Q: 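Could you have a look at this structure, given as structure tokens, before my questions?
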2 protein chains.
Amino acid sequence: MTSLNRPHTTDEVHEAFRKYLRDHGIKWTKARQRTLEAVLQLKEHFEAEQVLHQLRQGGRNVGKATVYRTLPLLVDCGILKQVRFDVKQAHYEHSYGEGPHDHMVCRRCGRIIEFASEEVVELSSRIAQRHHFHVVGHRMQLSGLCWECSIVCPVAMAPLESEAAPPKKSKRKRK
Amino acid sequence: MTSLNRPHTTDEVHEAFRKYLRDHGIKWTKARQRTLEAVLQLKEHFEAEQVLHQLRQGGRNVGKATVYRTLPLLVDCGILKQVRFDVKQAHYEHSYGEGPHDHMVCRRCGRIIEFASEEVVELSSRIAQRHHFHVVGHRMQLSGLCWECSIVCPVAMAPLESEAAPPKKSKRKRK
DNA sequence: ATGCTTGCAAAACGTTTGCACAGGG
DNA sequence: CCCTGTGCAAACGTTTTGCAAGCAT
């Protein structure tokens with residue numbers, strides 16, 4: 001939602017990255033530039049592997065290690081934000097100039113819906129205060145069914161892919 | 001907080017597991033029994049490796065694979081809940097008969113503080129309704145500094161271990 | 001007796017690191 | 001020119017899987 005019509009040009013983002021690198025004595029290299037470009041072409045939420053894929057697809061090869069070393073820089077300078085869903089891999093989203101928001105993840109189709117979270121921020125502060133905790137950030141994730149899936153399949157919770165799985169002889173639920 | 005004085009005896013939990021297994025045509029075996037016992041001895045939040053460790057310590061050896069195969073069963077039958085913090089490994093907590101709650105994670109000492117979350121649940125519903133989303137569950141995590149750490153170290157965000165790291169020659173921020 | 005369960009080892013997975021070479025300031 | 005950055009491959013820690021043997025029903 002917020003990632004469409006991003007309020008900043010790619011040039012601005014490039015400049016922000018170069019400034020960040022300069023200020024930290026890190027070099028502006030071809031590999032880092034290409035990684036940033038690939039990242040800017042990706043929409044919404046993505047993982048490291050997709051950045052690699054995007055790079056290979058454009059014929060601009062960058063080593064896996066370099067991508068993994070560059071992503072934290074982009075996070076550190078505010079262009080990306082690391083988001084962790086209920087999976088082992090890290091996901092990233094664009095955060096340059098974007099307001100804070102949280103996510104709803106559909107258990108069936110995997111769709112990720114963003115929502116602005118002023119109320120969540122307020123609630124966080126209230127709760128933190130109550131426990132003498134100094135909040136720096138928060139993460140809130142709702143899981144359930146998106147509108148389409150709740151119509152198609154009002155009860156099922158199983159991920160979409162498992163529908164094709166052939167029934168087992170036993171009564172076991174484990175996949 | 002809620003894991004202390006759990007409102008159910010270990011017998012009740014055992015029985016719940018056995019019933020779950022029976023109902024699903026899964027066998028009640030020594031390995032699964034031992035895994036459950038180890039899990040019940042662990043307090044608060046733990047990871048798979050700690051279950052293994054607990055088992056070895058008690059001389060009741062169970063294969064790593066078996067533990068990894070049993071934990072999802074315990075989650076599925078409601079005895080455990082999988083919780084993912086900002087790390088790659090999964091963590092688990094006891095959920096049998098416990099009310100919903102969320103977590104605050106201290107960035108410095110790693111302490112995890114639980115808080116009851118009726119307000120969070122309410123807010124979830126309100127937000128979901130607004131987006132025509134059918135919520136099934138939520139996850140909220142505040143990160144920041146716990147009371148002790150915010151006194152010791154009012155500004156630092158770096159994890160505790162990095163304090164011992166020797167300063168590098170360059171101006172770079174990366175570890 | 002049958003076939004689910006086990007433990008081991010090996011694979012898979014995402015991520016990190018060591019190293020010799022390339023290339024930017 | 002120096003020192004950082006790169007790419008490769010190998011290491012890493014967690015989790016999963018293949019398989020022959022074990023054991024609960």
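Computed from a predicted structure; not experimentally measured.
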Q: Salt-bridged, A:R22 to A:E15, with N to O below 4.0 Å?
A: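 Salt bridge between A:R22 and A:E15, a charged N being under 4.0 Å from a carboxylate O: yes.
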Q: A:Q33 has an atom CD; how far is it from atom P of C:dG25, in whole Å?
A: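 It works out to 11 Å between those atoms.
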Q: Quick one: A:E49 CD to C:dC13 P, roughly how many Å, whole number?
A: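 Distance check: A:E49 CD to C:dC13 P gives 10 Å.
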Q: Under 4.0 angstrom, heavy atoms only, what part of the nucleic acid is B:K30 near: base, sugar-phosphate, or nothing?
A: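 Result for B:K30 = nothing.
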Q: Choose from D:dT14, D:dT6, D:dC8 the nucleotide whose nearest atom is closest to any side-chain atom of A:A65.
A: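 Looking only at heavy atoms from C-beta outward on A:A65, the closest nucleotide is D:dC8.
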Q: Using atom CG of A:L52 as one end and atom P of D:dC8 as the other, report the distance to the nearest whole Å.
A: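 For the pair A:L52 CG and D:dC8 P, the rounded distance is 10 Å.
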Q: Should the pair B:E93-B:K43 be classified as a salt bridge under the 4.0 Å nitrogen-to-oxygen rule?
A: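 Between B:K43 and B:E93 there is no salt bridge, as every charged N stays at least 4.0 Å from the carboxylate O atoms.
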Q: Does CD belonging to A:Q129 count more than 12 external heavy atoms closer than 6.0 Å?
A: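 Incorrect, the count does not exceed 12.
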Q: Judged by each residue's nearest nucleotide on DNA chain D, which is more toward the 5′ side, B:K27 or B:K88?
A: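 The answer here is B:K88.
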Q: Does B:R69 place a side-chain N or O at less than 4.0 Å from the phosphate oxygens OP1/OP2 of D:dT16?
A: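 No, no such contact exists.
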Q: Rounded to the Å, how far apart are B:W28 CH2 and C:dT5 P?
A: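 That distance rounds to 13 Å.
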Q: Whole angstrom is fine here: how far is it from CZ in B:R32 over to P in C:dG7?
A: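 Taking CZ of B:R32 and P of C:dG7, I get 10 Å after rounding.
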Q: Please state how far atom CG in A:N61 lies from atom C1' in C:dA22, giving the value in whole angstrom units.
A: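 Distance, rounded to whole Å: 16 Å.
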Q: OP1, OP2 of C:dT16 versus side-chain N and O of A:Y68: anything below 4.0 Å?
A: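 Looking at the OP1 and OP2 atoms of C:dT16, neither is under 4.0 Å from any side-chain N or O of A:Y68.
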Q: What integer distance in Å separates A:D23:CG from C:dG25:P?
A: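 To the nearest whole Å, that distance equals 14 Å.
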Q: What orientation do B:H101 and B:H103 show, parallel under 30°, tilted 30 to 60°, or perpendicular over 60°?
A: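 Taking B:H103 first and then B:H101, their aromatic rings stand perpendicular (interplane angle over 60°).
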Q: When you measure from the side-chain N and O atoms of B:T29 to the phosphate of C:dT6, is any distance below 4.0 Å, counting only OP1 and OP2?
A: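 So the side-chain polar atoms of B:T29 do come within 4.0 Å of the phosphate oxygens OP1 or OP2 of C:dT6, strictly under.
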Q: Whole angstroms only, please: what is the CD-C1' distance between A:Q89 and C:dT16?
A: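 Taking atom C1' of C:dT16 as the reference, CD of A:Q89 is at 16 Å.
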Q: Measuring only between side-chain heavy atoms, which start at C-beta, is A:H91 closer than 4.5 Å to A:F85?
A: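 A side-chain contact under 4.5 Å exists here.
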